[in-house]
Amino acid sequence: MKFIDEYQDSELAKRLAHRIATQTTKTIRLMEFCGGHTHAIMKHGIRQLVPKTVEMRSGPGCPVCVTATADLDKAIALAHLPNVIITTFGDMMRVPGSYSSLQQSKAEGADIRIVYSIIDAVGIAKANPEKSVIFIGIGFETTAPTIAASILKAQQQKIQNFHVLSLNKLTPPVMKALLDLGDVKLDGIICPGHVSVIIGSHPYEFIPKNYGIACVISGFEPLDILLCIDRLVEQIENDQPKVEIAYPRGVKPEGNRKALQLMEKVFELGEANWRGVGTVPQSGLNIRRKYERFDADRAFSVSLKPPREPKGCRCGDVVRGAATPPECKLFGKACTPESPVGPCMVSSEGACAAYYQYGSLENSQTF
Ligand code: SF4
């Protein structure tokens with residue numbers, strides 16, 4: 001606990017906030033890419049600690065939120081195939097698809113099981129050889145190596161009935177897509193800590209180089225985030241954008257080579273469909289042909305009706321940082337965590353859920 005406490009020291013936090021305030025001379029806009037950062041920022045009142053000149057926007061770093069409705073519809077359709085067991089993370093259950101949800105499908109009799117790790121899904125496949133077990137693979141570079149390892153394990157153990165619907169996505173390509181869309185002007189990016197443990201700092205270098213935007217990789221404790229903002233403000237004020245690591249206890253510039261090799265072995269790059277952003281080339285992880293028998297996309301065919309977005313929901317704008325959750329007319333009224341309209345209110349990493357949960361702390365600092 002002592003270790004964590006060091007990163008939550010309120011006196012140090014105030015000193016850092018003061019340093020940020022004294023060096024900022026102009027209005028700037030930062031985006032925290034990661035949903036984990038959004039929740040930490042809201043929970044600890046960091047928006048209130050930094051000066052009003054530092055505007056903060058949430059980005060597309062919540063895996064459930066960026067899963068396109070069409071992909072969710074596919075997962076729901078797979079659940080209704082005979083002799084299929086769907087395994088998924090809990091957050092996916094309540095996300096409304098176009099016409100149903102996984103939760104509704106389960107209530108209708110589909111065999112859908114919540115797992116905490118893909119390893120559990122492999123275990124379910126082993127225990128149910130007469131059924132096809134499909135894992136709904138969502139997440140970024142953080143989860144992809146484990147999925148790759150599980151596919152290799154299933155191959156090694158000759159588990160024939162295990163499949164993955166790979167909806168996994170990559171971070172740098174969607175950052176590029178967001179910047180190219182240009183509907184949100186940014187001065188700096190709080191780069192995701194966990195993703196960067198895997199990919200390192202080099203993949204972000206195109207951002208300062210081609211877009212002139214500062215990038216600092218942050219951990220998840222309040223002091224990590226404040227230090228990251230301090231580094232970003234300094235880069236922006238000095239007009240010297242670059243990639244910096246403010247989370248050296250977790251991230252090395254080269255990343256985790258072993259994890260990257262695992263991903264490379266099992267996956268190849270392909271396009272992916274992102275909620276709010278659309279199709280982004282080279283941002284998806286498709287299972288290589290060599291492992292095609294594990295690929296749910298190749299093993300099963302389902303017919304789908306055209307996707308429909310929840311009426312009035314602005315999750316697409318929220319994940320792009322083009323709107324904050326309270327700018328959605330449904331926020332806190334028709335849409336609450338008990339009765340969510342869109343994925344950003346369902347997911348534990350969703351921006352709407354964070355604003356709803358911690359919005360009452362708007363004027364307080366909690367560490
Ligand atoms: Fe969607 Fe609800 Fe967020 Fe509005 S408040 S953007 S409806 S999740």
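Positions are given from 1 along the sequence.
- Placement of L78 and V122 within a single hydrophobic cluster is found when ILVMFWY residues are connected by side-chain heavy-atom separations under 4.5 Å, directly or transitively.
- Salt bridge D187/R29: absent, no basic N to carboxylate O contact under 4.0 Å.
- For the pair F89 and I136, the minimum side-chain heavy-atom distance is 4.5 Å or more.
- In this structure, P96 and P340 approach most closely via the heavy-atom pair CG-O, 4.0 Å.
- With contacts defined as side-chain heavy-atom distances shorter than 4.5 Å, the pair L167/L165 qualifies.
- Judged as a side chain to side chain donor-acceptor pair (under 3.5 Å), and not counting sequence neighbours, the contacts of T25 are E237.
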**Request:** Evaluate side chain to side chain contact (heavy atoms under 4.5 Å, CB included) for I134 paired with V164, printing each intermediate quantity in order.
**Result:** CA-CA 5 Å; I134 303 173; V164 174; over 6 Å; no
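- The two atoms that bring C313 and G342 nearest to each other are SG-CA, 3.8 Å, heavy atoms only.
- Each of C344, P343, C65, P60 was scored for a side-chain contact (heavy atoms from CB on, under 4.5 Å) with R275, with one residue passing: P343.
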**Chi angles and distances behind the side chain to side chain contact (heavy atoms under 4.5 Å, CB included) call for N273, T67** = CA-CA 7 Å; N273 192 2; T67 298; over 6 Å; no
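- Nearest heavy atom pair, residue I225 against residue S218, reads CA-OG, 3.6 Å.
- With sequence neighbours excluded, the residues satisfying side chain to side chain donor-acceptor pair (under 3.5 Å) with D297 are K74.
- Geometric assessment of K176 against the ring of F206 yields a negative cation-pi assignment under the 6.0 Å and 45° thresholds.
- Under the 4.5 Å side-chain criterion, counting only non-hydrogen atoms from C-beta, L223 is not in contact with L227.
- Each of I229, I236, D230 was compared with V233 under the side-chain contact (heavy atoms from CB on, under 4.5 Å) criterion, and only I229 meets it.
- If you take CD1 on I85 and CZ on F135, they are separated by 14.5 Å, rounding to the nearest 0.5 Å.
- For CG of D183, the number of neighbouring non-hydrogen atoms (other residues, nucleotides, ligands) closer than 6.0 Å is greater than 12.
- The backbone N or O of H39 sits nowhere less than 3.5 Å from a side-chain atom of H44 that would complete a donor-acceptor pair.
- L178 and I190 are members of different hydrophobic clusters when ILVMFWY side chains are connected at heavy-atom separations under 4.5 Å.
- Considering only heavy atoms from C-beta on, Q357 stays 4.5 Å or farther from S348 through its side chain.
- In terms of heavy-atom proximity, G193 sits nearest to I217 at CA-CG2, 4.2 Å.
- At a threshold of 4.0 Å, the pair R314-E309 does not count as salt-bridged, since none of the basic side-chain nitrogens sits closer than that to a carboxylate oxygen.
- No more than 12 heavy atoms of other residues, nucleotides or ligands shown are found within 6.0 angstrom of NZ on K305.
- Residue-environment remark: CZ (R257) stays at or below the threshold of 12 foreign heavy atoms within 6.0 Å.
- Remark: N256 CG to K258 NZ distance equals 8.5 Å, nearest 0.5 Å.
- In this structure F220 satisfies the ring-ring contact (aromatic ring centres under 6.0 Å, His included) test together with H37, H194, sequence neighbours excluded.
- Under the 4.5 Å side-chain heavy-atom criterion for ILVMFWY residues, a single connected hydrophobic cluster contains both V195 and I198.
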**Item:** Criterion side chain to side chain contact (heavy atoms under 4.5 Å, CB included) on E141 and K169, from CA distance to verdict
**Value:** CA-CA 7 Å; E141 293 89 337; K169 295 175 174 61; over 6 Å; no
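- Heavy atoms only, all atoms of each residue included: A125 and V133 are closest at CA-CG2, 3.5 Å.
- Counting only heavy atoms from C-beta outward, the side chains of P192 and Y204 approach each other to under 4.5 Å.
- Between T24 and T53, the side chains place a donor N or O and an acceptor N or O closer than 3.5 Å (distance only, hydrogens not considered).
- Inspection of the E327 and T324 side chains reveals an N or O donor paired with an N or O acceptor under 3.5 Å.
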For a quick test of your reading: what N or O donor-acceptor pairs under 3.5 Å do the side chains of residues 260-272 make, sequence neighbours left out?
unit_1: E264; atom_1: OE2; unit_2: R288; atom_2: NH2; d: 3.3

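- When all heavy atoms of S283 and V280 are compared, the closest pair comes out as OG-O, 2.8 Å.
- The main-chain N or O of C335 is never found under 3.5 Å from a side-chain atom of S339 such that the two would form a donor-acceptor pair.
- The line from CG of L226 to CG of L49 is 6.0 Å long, rounded to the nearest 0.5 Å.
- A donor and an acceptor atom, one from each side chain of S58 and Y355, are nowhere located under 3.5 Å apart.
- Summarising the geometry, atom CD1 belonging to I287 is positioned 5.5 Å from atom OG belonging to S166; distances are rounded to the nearest 0.5 Å.
- With a 4.5 Å cut-off on side-chain heavy atoms, I28 and E55 do not count as touching.
- If you take CD1 on I147 and CD1 on I119, they are separated by 10.5 Å, rounding to the nearest 0.5 Å.
- Legend: ring pair (Phe, Tyr, Trp, His ring centres under 6.0 Å) pairs involving residues 146-166, not counting sequence neighbours, sorted by first then second residue: H163-F300.
- Counting only heavy atoms from C-beta outward, the side chains of V95 and V64 approach each other to under 4.5 Å.
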**Message:** For I207 and V243: C-alpha separation, side-chain torsions, deciding distance, then whether side chain to side chain contact (heavy atoms under 4.5 Å, CB included) applies.
**Reply:** CA-CA 8 Å; I207 300 175; V243 179; over 6 Å; no
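- Linking Ile, Leu, Val, Met, Phe, Trp and Tyr whenever their side-chain heavy atoms come within less than 4.5 Å puts L232 and M56 in one cluster.
- Counting only heavy atoms from C-beta outward, the side chains of I189 and Y211 never approach each other to under 4.5 Å.
- Other residues, nucleotides and ligands contribute at most 12 non-hydrogen atoms within 6.0 Å of the NE2 atom of H18.
- Here the side chain of S98 pairs a donor or acceptor atom with the backbone of R308 at under 3.5 angstrom.
- Under the 4.5 Å side-chain heavy-atom criterion for ILVMFWY residues, a single connected hydrophobic cluster contains both M175 and V66.
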**Message:** Using the rule given for salt bridge (charged side-chain N to carboxylate O under 4.0 Å, His left out), can you reason through R47 versus E32, listing the C-alpha separation, both sets of side-chain angles and the distance that settles it, and then say yes or no?
**Reply:** CA-CA 12 Å; R47 280 170 208 261; E32 81 273 3; 3.4 Å; yes
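- The closest donor-acceptor contact from the side chain of S150 to the backbone of I118 lies at 3.5 Å or more, if one exists at all.
- For residues 115-133, the set of pairs meeting the side chain to side chain donor-acceptor pair (under 3.5 Å) definition, not counting sequence neighbours, comprises K126-Q157.
- D111 and R113 are joined by a salt bridge, as a carboxylate oxygen and a charged side-chain nitrogen come within less than 4.0 angstrom of each other.
- Formation of a donor-acceptor pair under 3.5 Å by the R320 side chain with backbone atoms of C315 is not found in this model.
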**Message:** Applying salt bridge (charged side-chain N to carboxylate O under 4.0 Å, His left out) to D295 and K290, what does each step give before you reach the verdict?
**Reply:** CA-CA 10 Å; D295 187 349; K290 187 172 175 197; over 6 Å; no
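- Look at K106 and E108 and you find no salt bridge, because none of the NZ, NE, NH1 or NH2 atoms lies under 4.0 Å from a carboxylate O.
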